[in-house]
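Following: one structure in structure tokens, then a few remarks.
The sequence lines fix the lettering, A, B, ..., with proteins before strands; numbering per chain opens at 1.
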Number of protein chains: 2
Amino acid sequence: MNLHRRLVTLADVARESGFGESTVSRVLRNQGSFSKRTADRVAEAVAKLGYVPNRLAGSLAGNAASAGSQLVGIVIPSLANIVFPDLLRGLTGALDRTGFQSVIGVSDYDPDREEALVAALLSWRPAGLVLTGLEHNPDTVALLRAAGIRVVEMIDTDGPGLDLVVGFSNRAVGEASAAHLVARGYRRIGYVGHDILRDLRAGKRLAGFEAALQGTGYGLIDREIVAEPSSATAGRAALDRLLDRTPDLDAVYFSNDDMALGGYFCCLARGWSIPHRLALFGYNGLDITAAMPQPLSTIRTPRLRIGEIAAERLAAGGPAETIDLGFALVAGATA
Amino acid sequence: MNLHRRLVTLADVARESGFGESTVSRVLRNQGSFSKRTADRVAEAVAKLGYVPNRLAGSLAGNAASAGSQLVGIVIPSLANIVFPDLLRGLTGALDRTGFQSVIGVSDYDPDREEALVAALLSWRPAGLVLTGLEHNPDTVALLRAAGIRVVEMIDTDGPGLDLVVGFSNRAVGEASAAHLVARGYRRIGYVGHDILRDLRAGKRLAGFEAALQGTGYGLIDREIVAEPSSATAGRAALDRLLDRTPDLDAVYFSNDDMALGGYFCCLARGWSIPHRLALFGYNGLDITAAMPQPLSTIRTPRLRIGEIAAERLAAGGPAETIDLGFALVAGATA
DNA sequence: AAGTATTTTGGCAGCGCTGCCAATCGAGTT
DNA sequence: AACTCGATTGGCAGCGCTGCCAAAATACTT
């Protein structure tokens, strides 16, 4: 390709159209005043030369102290769990509509990587930053404060936020799940989960679950926690281990629907009837679980909506606040 | 936050450390020569002032004609299908390692949106662009050529590419799937798929499948195609309709594993034994399908690897070429 | 000690665009 | 016809950083 030829610049368009650079710039941004004829001439020149504006220069020149570029930085912990693509979908959808572009970083649930990513994203002078969860390194917070930009923390509302917070209470999710199981008469309840040291939200759900269970007088009988990320395979294997150890459970709470689906397959393979021999309860409201012969009992979370609201609030401006979007318990047929 | 105060600039660091701007710049980029003592002093000043480099300015100043910014633009058709998060995971992982940041756009399988996104991404003067598939608007191609940057087209190798192409032959996937089913003795074969008008790769797989089937003398008996995106729910409903209409099929080929999983649930709900009453064959090699009591027979695609190779080639430079990463047929227990 | 490499350093002109402000143009006023 | 006022337009100084090149400091020779 033409690595040799200089790219077309605003000055070229100005020369070609016969107007000044400022005028062309105004027309291109549809800002300030100019006549219809001018706009047409400029459009013509742009088309003829194949001009593509250079936003690097634009953002640098524009008020660099305040919201510089039309970029929004997004840091998510993972892409392996469907939750995050869903959040991204909501974010990019709403962001596109408001003319923003998304720069994305994946932290692998590592606070240090999150910090590095925040620093890297900040160097593009984004208009705002979107993070996941409320827990960050002190240095990350310092960077954020110094940058003086809007920040959204998604998913978790169980604690104080830096600026905007959009999500729901993971603790309340755990409590609601426990209440449901107890109300249905289950007493010998176990837990199958993935790495709570890394996925802090899963930890908060479990804490809420256990607390609610204690409150009713029944405790958690046994638990099986895997170190790996959540997956159906991990869920199936973990439930197998749990049942080998403690066969007389009557219900199992899973850290999420991926794990629960693995649990479902485990029961199918053992020929155990659900929910009579064993009840299953998940978390997330994955599409797949609705297609199961027996729909999974789970908690449906407003993932897409969280992304959308986060993006909209970021674009709209407004006071710092915490927005709790709640969740819905889906009774299903497995618990 | 401090929207009022000017952000710290390189000049501030220079003043604070007592060196010139060029020296500080060199130290910060670890390029050119400077003494250890200088580096320490600069690091000190950076830490003291909390300096965050402005990459907008950096990229603008750096050779703007060639690879300007350290950004790579990525356009994917969707985030709803797990394939794309997997590709993204490979891309962002490898890109991070080479110091690039990813700007992402989602086209919703719409070539016009793809074009708009390419134009928008190009305005950040990315070092390269990553697209999905080989089919683009003529204007999109023109934009790409004029930009003079590296382009990678992912997933599909069935046709000529613009520059780098990383993927596998979707047509060959279809052919291999058909060959497997025929070899196993299935003769009355149906197809359940999602929107081939939008997902062109699914169309190519189906074309390969049908061609191979014709070649053996057996044709495709019946097909059920839904207009919506693929999902387990859609797969289950579609298989139900197909079987109501043509009950005597002995095998069904699905457009992907999501659909196939829905088909599996459909059989479970009907009490049909798999693969004796009906055999199922999918595509993608989703993790979930490996956890099923009967692992799904499917094609495993190197999604992560495609993303990684794409990113690496983009970063490394090198000649235009098509890299076929192949695929693996997973025999499974459903066909 | 004088001279020649080599390493370190600083000055300054842009990169392409926008903000500011002054200049120009028309049309309406008196 | 002289004058006012709003609509258009152009000139130019940066935005913060890097590339280029010359200057300064240091090291090595003979």
Side-chain angles (χ1 to χ4, degrees), chain A residues 5-42 45-46 49-71 122-127 147, chain B residues 5-42 45-46 49-71 122-127 147:
Chain A
R5 207 174 55 209
R6 247 182 73 268
L7 257 39
V8 182
T9 72
L10 208 172
D12 298 324
V13 177
R15 204 171 313 116
E16 176 70 27
S17 65
F19 290 98
E21 293 185 30
S22 333
T23 303
V24 174
S25 175
R26 253 174 268 129
V27 171
L28 258 30
R29 284 175 298 147
N30 192 31
Q31 199 219 69
S33 64
F34 49 83
S35 71
K36 177 83 178 65
R37 240 198 49 208
T38 308
D40 293 341
R41 296 264 180 97
V42 169
V46 166
L49 300 177
Y51 171 67
V52 176
N54 184 336
R55 292 239 230 171
L56 294 176
S59 301
L60 182 59
N63 191 355
S66 65
S69 72
Q70 290 286 88
L71 284 174
L122 244 24
S123 73
W124 294 107
R125 296 293 183 266
Chain B
R5 204 174 57 209
R6 244 182 77 268
L7 258 39
V8 182
T9 71
L10 205 168
D12 297 324
V13 178
R15 203 171 313 114
E16 176 70 25
S17 64
F19 290 99
E21 294 186 29
S22 332
T23 303
V24 174
S25 174
R26 251 174 270 127
V27 171
L28 259 30
R29 285 175 296 145
N30 192 31
Q31 200 217 70
S33 63
F34 48 83
S35 72
K36 178 82 178 66
R37 240 197 51 214
T38 309
D40 292 341
R41 296 262 180 99
V42 169
V46 165
L49 299 177
Y51 170 69
V52 176
N54 184 336
R55 292 240 230 173
L56 295 175
S59 301
L60 182 60
N63 190 356
S66 64
S69 72
Q70 291 286 84
L71 285 174
L122 245 23
S123 72
W124 293 107
R125 297 293 184 267

Practice prompt. Could I get the full list of side-chain contact (heavy atoms from CB on, under 4.5 Å) partners for A/Asp12, not counting sequence neighbours?
Written response: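 Checked A/Asp12 against side-chain contact (heavy atoms from CB on, under 4.5 Å); matches are A/Arg6, A/Val8, A/Thr9, A/Arg15, A/Leu49.
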
Discussion item. Could you work out, with side-chain contact (heavy atoms from CB on, under 4.5 Å) as the rule, every residue matching A/Ser22, not counting sequence neighbours?
Written reply: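 A/Ser22 satisfies side-chain contact (heavy atoms from CB on, under 4.5 Å) with A/Arg26 only.
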
Would you mind reporting whether [Y] and [X] have side-chain heavy atoms less than 4.5 Å apart?
X	Y	value
A/Asn54	B/Trp124	no
A/Leu10	A/Ser25	yes
B/Leu60	B/Arg125	no
B/Val24	B/Tyr51	no
A/Phe19	A/Val13	no

Dump every N/O contact between nucleotides 5-12 of chain C and the protein below 3.5 Å, one line per pair.
| residue | atom | partner | partner atom | Å |
| --- | --- | --- | --- | --- |
| C/dT9 | OP1 | B/Thr38 | OG1 | 2.6 |
| C/dT9 | OP2 | B/Ser35 | N | 3.3 |
| C/dT9 | OP2 | B/Thr38 | OG1 | 3.0 |
| C/dG10 | OP1 | B/Gly20 | N | 3.4 |
| C/dG10 | OP2 | B/Gly20 | N | 2.5 |
| C/dG10 | OP2 | B/Thr23 | OG1 | 2.6 |
| C/dG10 | N7 | B/Arg26 | NH2 | 2.9 |
| C/dG10 | O6 | B/Arg26 | NH2 | 3.0 |
| C/dG11 | N7 | B/Ser22 | OG | 3.0 |
| C/dG11 | O6 | B/Ser22 | OG | 2.7 |

Item to complete: Between C/dG19, D/dT18, C/dG16, spot the one nearest the side chain of A/Thr9, thanks.
Response: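 Per side-chain heavy atoms of A/Thr9, the pick is C/dG16.
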
Just the rounded figure in Å: distance from [atom2] of [N] to [atom1] of [X].
X	N	atom1	atom2	value
B/Arg125	C/dC15	CZ	P	14 Å
A/Leu122	D/dG16	CG	C1'	15 Å
B/Leu56	C/dC17	CG	P	14 Å
A/Leu28	C/dG19	CG	C1'	16 Å
B/Gln31	D/dG19	CD	C1'	9 Å
B/Arg55	D/dC17	CZ	C1'	13 Å

Practice prompt. With sequence neighbours excluded, tell me which residues meet salt bridge (charged side-chain N to carboxylate O under 4.0 Å, His left out) with B/Glu16.
Written response: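 In terms of salt bridge (charged side-chain N to carboxylate O under 4.0 Å, His left out), with neighbours along the sequence ignored, B/Glu16 is linked to B/Lys48.
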
Item to complete: Report the residues that fulfil side chain to side chain donor-acceptor pair (under 3.5 Å) with B/Ser123, sequence neighbours left out, ordered by chain and then residue number.
Response: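 With neighbours one apart ignored, the set is A/Arg55.
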
Practice prompt. Apply side chain to side chain donor-acceptor pair (under 3.5 Å) to A/Ser17 and list each qualifying residue two or more places apart in sequence or on a separate chain.
Written response: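 Once residues adjacent in sequence are excluded, A/Ser17 has no partner under the side chain to side chain donor-acceptor pair (under 3.5 Å) criterion.
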
I'd like a list of close polar pairs between nucleotides 24-26 of chain D and the protein, N/O only, cut-off under 3.5 Å.
none

Worksheet item: Hey, does the side chain of A/Arg29 come within less than 4.0 Å of C/dT18's phosphate (OP1/OP2), counting only N and O?
Response: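 Answer yes for this pair, as a side-chain N or O of A/Arg29 is under 4.0 Å from OP1 or OP2.
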
Worksheet item: Rounded to the nearest 0.5 Å, how far does CG of B/Leu28 lie from CZ of B/Phe34?
Response: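 Output value for this atom pair is 9.0 Å.
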
Worksheet entry | Rounded (10°) bend between the five-pair end axes of the helix from C/dA1-D/dT30 to C/dT30-D/dA1 |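 Inter-axis angle at the ends, rounded: 40°.
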
